Structures are given as C-alpha cells and as structure tokens.
S.K.: 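Sharing a structure, written as structure tokens. Questions coming.
Every chain is numbered from 1, with letters handed out A, B, ... down the list of sequences. What you see is a predicted model; the values in this text were computed from it and never measured.
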Protein chains: 2
Amino acid sequence: MQDHAARRPYHHGDLKNALVLAGIDILETDGLPALSLRAIAARVGVSHTAPKNHFGSLRGLLTAIATEGFGRHAAFMQAGVSDLSEPQARLHAAMEGYVRFARDHPALFSLMFSKEHCEMTDPALRMASAESYAVLAGIARGLEWDKADTPNAQRRTELLLWSIVHGYAELSIAGFAGEELPIAAIMPDFRYRA
Amino acid sequence: MQDHAARRPYHHGDLKNALVLAGIDILETDGLPALSLRAIAARVGVSHTAPKNHFGSLRGLLTAIATEGFGRHAAFMQAGVSDLSEPQARLHAAMEGYVRFARDHPALFSLMFSKEHCEMTDPALRMASAESYAVLAGIARGLEWDKADTPNAQRRTELLLWSIVHGYAELSIAGFAGEELPIAAIMPDFRYRA
DNA sequence: CACTGTATATTTACACTGGAAATATATCTG
DNA sequence: CAGATATATTTCCAGTGTAAATATACAGTG
C-alpha cells in the first residue's frame with residue numbers, strides 16, 4: 001500500500017488526466033484546429049508519443065476529452081437548476097445552461113458531438129453523454145404535450161426538447177442564430193400535469 | 001466569342017467547379033477526414049497547389065463546397081414540398097427533407113455547419129444558407145403559436161423550427177437520436193391562421 | 001503574325017502532423 | 001537482487017497545407 005495523496009506511481013504520475021486537462025486548455029484558448037497530439041503532449045511536458053500508452057491514438061485522447069466535456073456539461077446544467085422549484089423555470093434554466101455551455105466553450109462543445117474526431121461508440125463517452133441527457137430528461141418528466149397518448153410519448157418529448165436546445169446551440173455557435181436570445185424566447189409553452 | 005459547350009478557355013477549363021464536385025465526391029465516399037487538398041486535386045488531375053488560384057486556401061475550397069452543399073440542401077427540401085398544399089404537411093415535408101439530407105449526406109452536412117473548416121462569414125456561403133433558411137421560413141409563414149404577440153414573433157417561430165430540425169438532424173448523425181423516427185413524430189402541433 | 005501582359009498551373013521546398021518500431025527507464029513482483 | 005511489466009522516449013516515415021519561384025497557355029494589341 002502506498003501514500004494516497006502524494007502517490008506518484010510512474011514517471012509522470014497522472015498523465016492520463018493531465019493530458020485531458022491540457023487538451024481542454026488548448027481547446028479553450030486556441031480552438032479545435034490547434035488540438036494536436038504534439039501540442040497537448042508539449043503542454044504536459046512529455047513526448048508526443050506518450051499519449052499512445054493511455055489512449056491508443058489521437059482519436060482516443062479526443063474521445064476522452066469529449067467525455068470530460070460531457071461531465072462538465074451536465075454539471076453546468078444542474079447548477080442553474082438546483083435552486084428552482086417551478087417546473088417550467090427548471091426546464092428553461094437547464095436548457096439555458098445547455099446553450100450557455102455551448103457558447104462559452106464552443107470548441108469543446110463541437111468536439112463532443114463530432115463523429116469526425118470522437119469515437120461515438122466509446123462506452124465511457126456514451127455513459128457521460130447519457131448523464132447529460134438525464135439532466136434534461138429528469139426535468140422533462142411530467143411534461144405534457146400534444147401527443148401524450150402516442151407510444152413512447154415521454155421519449156419523444158425528451159427528444160424534442162433535446163433537439164430544440166441542441167439545434168439552437170449549434171446554430172448559435174455557427175453564427176446562424178443572430179442576436180443571442182435566451183432559449184426561453186423561442187420555446188413553445190409546454191404544460192405540466194398537476 | 002467562343003464555342004459555348006466545348007469551351008476550354010484555359011488549361012483545364014472549369015477547374016473551379018471541377019474541384020468542388022470532386023470534393024463532394026470524396027466527401028460522399030470517404031468522409032470529411034479524407035477531404036485533403038491533395039486528394040481533391042489528384043481526383044481532378046491537377047497539382048495540389050492548383051486550387052490556390054481559385055480558392056486561396058483549403059479553407060476557401062471547403063467553404064465553396066459547403067456553399068454548393070447549401071444549394072443542394074435547399075433543393076432537397078423544396079423537392080418534397082412542391083406537390084403538397086396543406087400547410088402542416090408542407091412544413092413536415094420540408095423538415096423531413098432537411099433531416100433526410102443530413103442522414104444521406106452526413107459528411108457534407110457536417111461541413112456546411114463547421115466553423116472549424118468553413119469561413120462562415122463568406123458572402124456566397126451566407127447567401128446560399130439564407131436560401132436554405134428561406135425555404136423553411138416561407139412555409140412557416142402564417143404559422144401560429146403561443147407567443148404570436150411578442151416582438152419578432154415570426155422570426156422566433158422560424159428560429160424554433162430551424163432549431164428543432166437542425167438539432168434533430170445533428171443528433172441523428174452523431175448517433176444520439178436512436179431509431180430514425182420521422183421528424184413529424186416529435187413535432188409539436190402548430191396551428192395555422194385561417 | 002509577333003509582342004506583351006495576365007491568368008493559370010507546376011515544381012520545389014518547408015514546417016508541421018499522427019503513427020509505427022525500437023529503445024530506454026521506472027516501477028512492481030517474486 | 002533479478003525478472004517482468006508498465007511507462008515514456010527516440011527515431012523515422014508518409015502524409016498534410018502553404019509559400020515562392022517557375023513554367024505554360026491564353027487574350028489583347030500592334
């Protein structure tokens with residue numbers, strides 16, 4: 001058994017996490033195109049082939065970065081919701097958090113949904129994105145809309161909400177949404193069951 | 001004045017268009033990562049620096065490809081709508097066309113909205129994307145919803161529709177939408193003014 | 001026709017990329 | 001201590017986009 005905190009098992013100690021954090025750093029400051037294997041490794045102070053042991057390839061590292069992104073994304077949404085009680089307000093707050101995360105971290109957000117860069121079938125990534133989805137779905141529970149009697153109504157409602165907020169986020173990032181309206185400004189009026 | 005059809009003014013003749021078409025070809029068969037300057041040029045049979053004269057850089061060429069993509073995208077939507085008269089059916093048909101284009105041409109669609117690859121401020125691109133938007137907006141005209149009396153109600157309605165359809169398309173491509181439901185399955189029930 | 005200017009395309013060179021393979025080093029296990 | 005294993009480096013390679021100098025084809029003019 002070893003020291004728990006000051007544990008530095010191998011050469012670097014915690015290279016795996018360090019690489020992910022360095023990647024996010026680069027993403028925030030210089031954007032997706034700057035996110036090269038060599039740039040990430042250099043920031044941590046290791047050779048550009050060091051990541052291979054932990055992630056297999058650049059694609060693996062990017063997938064890990066996206067996974068961390070989903071974690072932060074979920075937390076971002078939760079944060080704005082926790083002190084609200086009214087259902088509609090909670091819904092709008094979560095969706096506003098979704099959009100604001102995309103606007104504040106456009107490069108990371110783009111990466112998170114990029115089939116080009118990430119392995120979308122990766123179990124860890126799926127798990128993380130599911131958590132993000134669960135925040136929205138949890139709040140949407142009890143929501144009522146026109147097609148409440150169709151099969152899988154709940155799932156379809158969640159999918160609609162997710163489409164709205166994700167589409168608005170993407171369009172906003174790409175520069176097609178014009179002035180940055182809050183999501184509540186375009187949301188239809190859903191009703192909750194008493 | 002020269003021959004109109006067999007016109008071959010310069011070395012190649014119509015390199016600009018040929019490059020765009022070759023790019024789309026590669027996009028369809030091998031996806032975005034394969035879309036290199038050298039690959040596109042090789043397919044047309046010119047050196048990899050030839051595109052520079054017409055597009056300045058790879059980014060310029062990709063922007064032109066995306067512009068062509070928007071043209072096809074608009075046509076795709078129009079096609080399914082033209083023989084319908086009922087407003088709601090027309091709306092759903094246009095949106096279904098939007099999503100189907102994304103599913104049938106995922107690489108091209110991704111490129112069209114990628115700030116990473118395209119110059120989103122490019123006038124030709126803006127013009128082309130505006131045409132695509134206009135198809136949806138045109139059909140949405142007369143649509144009535146909850147906030148019809150708020151300022152810019154029409155614009156907000158369009159933005160909502162665009163967000164829904166675009167978000168659903170993106171999620172579908174990325175593999176997050178599960179089974180490929182038609183867009184009508186998740187659409188709320190808008191009403192038209194008599 | 002020849003001459004000139006310009007648009008078009010090629011050649012060459014360069015800095016950069018990710019990945020493969022062989023090597024070195026640190027840590028763990030016995 | 002010795003052997004095995006996980007970790008990281010070094011070196012090399014094929015590939016990328018771009019810049020600069022060069023070559024070629026065309027258009028317009030005398």
S.K.: Under 4.5 Å between side-chain heavy atoms, counting indirect links through other Ile/Leu/Val/Met/Phe/Trp/Tyr residues: same cluster for A/Tyr133 and A/Leu161 or not?
M.R.: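 Yes; A/Leu161 is reachable from A/Tyr133 via cluster members.
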S.K.: Looking just at side-chain N and O atoms, do B/Ser85 and B/Arg90 make a donor-acceptor pair shorter than 3.5 Å?
M.R.: no
S.K.: For the residue pair A/Thr121 and A/Arg126, confirm or rule out a side-chain donor-acceptor distance under 3.5 Å.
M.R.: no
S.K.: Once you round it to whole Å, what is the distance between P of C/dG19 and CZ of A/Phe55?
M.R.: 13 Å
S.K.: Once rounded to the nearest 0.5 Å, what's the spacing between atom CD of B/Glu119 and atom OG of B/Ser57?
M.R.: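 B/Glu119 CD to B/Ser57 OG: 9.0 Å, rounded to 0.5 Å.
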S.K.: Does a side-chain N or O from B/Lys52 land closer than 4.0 Å to OP1 or OP2 of D/dA19, or not?
M.R.: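 Affirmative; the distance criterion is met.
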S.K.: To the nearest Å, how far apart are B/Leu35 CG and D/dG17 C1'?
M.R.: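 To the nearest whole Å, that distance equals 13 Å.
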S.K.: Just the rounded figure in Å: distance from P of D/dA19 to CG of B/Leu58.
M.R.: 12 Å
S.K.: Take the protein atom CG of A/Asp14 and the nucleotide atom C1' of D/dT7, then report the distance between them rounded to whole Å.
M.R.: 13 Å
S.K.: Could one point to a donor on the side chain of B/Asn53 or the base of C/dA9 with an acceptor on the other under 3.5 Å away?
M.R.: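 Present.
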S.K.: Is there a continuous path of hydrophobic side-chain contacts, each under 4.5 Å between heavy atoms, that joins A/Leu181 to B/Leu160?
M.R.: yes
S.K.: May I have the distance from B/Leu37 (atom CG) to C/dA9 (atom C1'), rounded to whole angstrom?
M.R.: 13 Å
S.K.: Let me know the distance between CD1 of B/Ile40 and P of D/dG17, rounded to the nearest Å.
M.R.: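 B/Ile40 atom CD1 is separated from D/dG17 atom P by 8 Å.
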S.K.: Just how far, in rounded Å, is P of D/dT7 from CG of A/Asn17?
M.R.: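 Rounded to whole Å, this separation is 13 Å.
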S.K.: Hey, are A/Glu170 and B/His166 close enough side-chain-wise for a donor-acceptor pair under 3.5 Å?
M.R.: no
S.K.: Can you name the atoms? Protein N/O to nucleotides 10-15 of chain D N/O, anything below 3.5 Å, with the distance.
M.R.:
from	atom 1	to	atom 2	distance (Å)
D/dT10	O4	A/Thr49	OG1	3.0

S.K.: Send over the distance from A/His54 NE2 to D/dT9 C1', rounded to a whole Å.
M.R.: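 One finds 13 Å between C1' of D/dT9 and NE2 of A/His54, rounded.
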S.K.: Dot-bracket notation for DNA chain D is requested: 5' to 3', Watson-Crick or G-U wobble pairs only, both distances under 3.5 Å, with ( ), [ ], | and . as defined.
M.R.: ||||||||||||||||||||||||||||||
S.K.: Answer with yes or no whether the hydrophobic clustering places B/Met120 together with B/Ile65; edges join I, L, V, M, F, W, Y residues whose side-chain heavy atoms lie under 4.5 Å apart.
M.R.: yes
S.K.: Does A/Glu86 reach the main-chain N or O of A/Ala89 with its side chain, forming a donor-acceptor pair under 3.5 Å?
M.R.: yes
S.K.: Going by distance alone, is a donor N or O of one side chain under 3.5 Å from an acceptor N or O of the other, for A/Tyr98 and A/Trp162?
M.R.: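 Short answer, yes.
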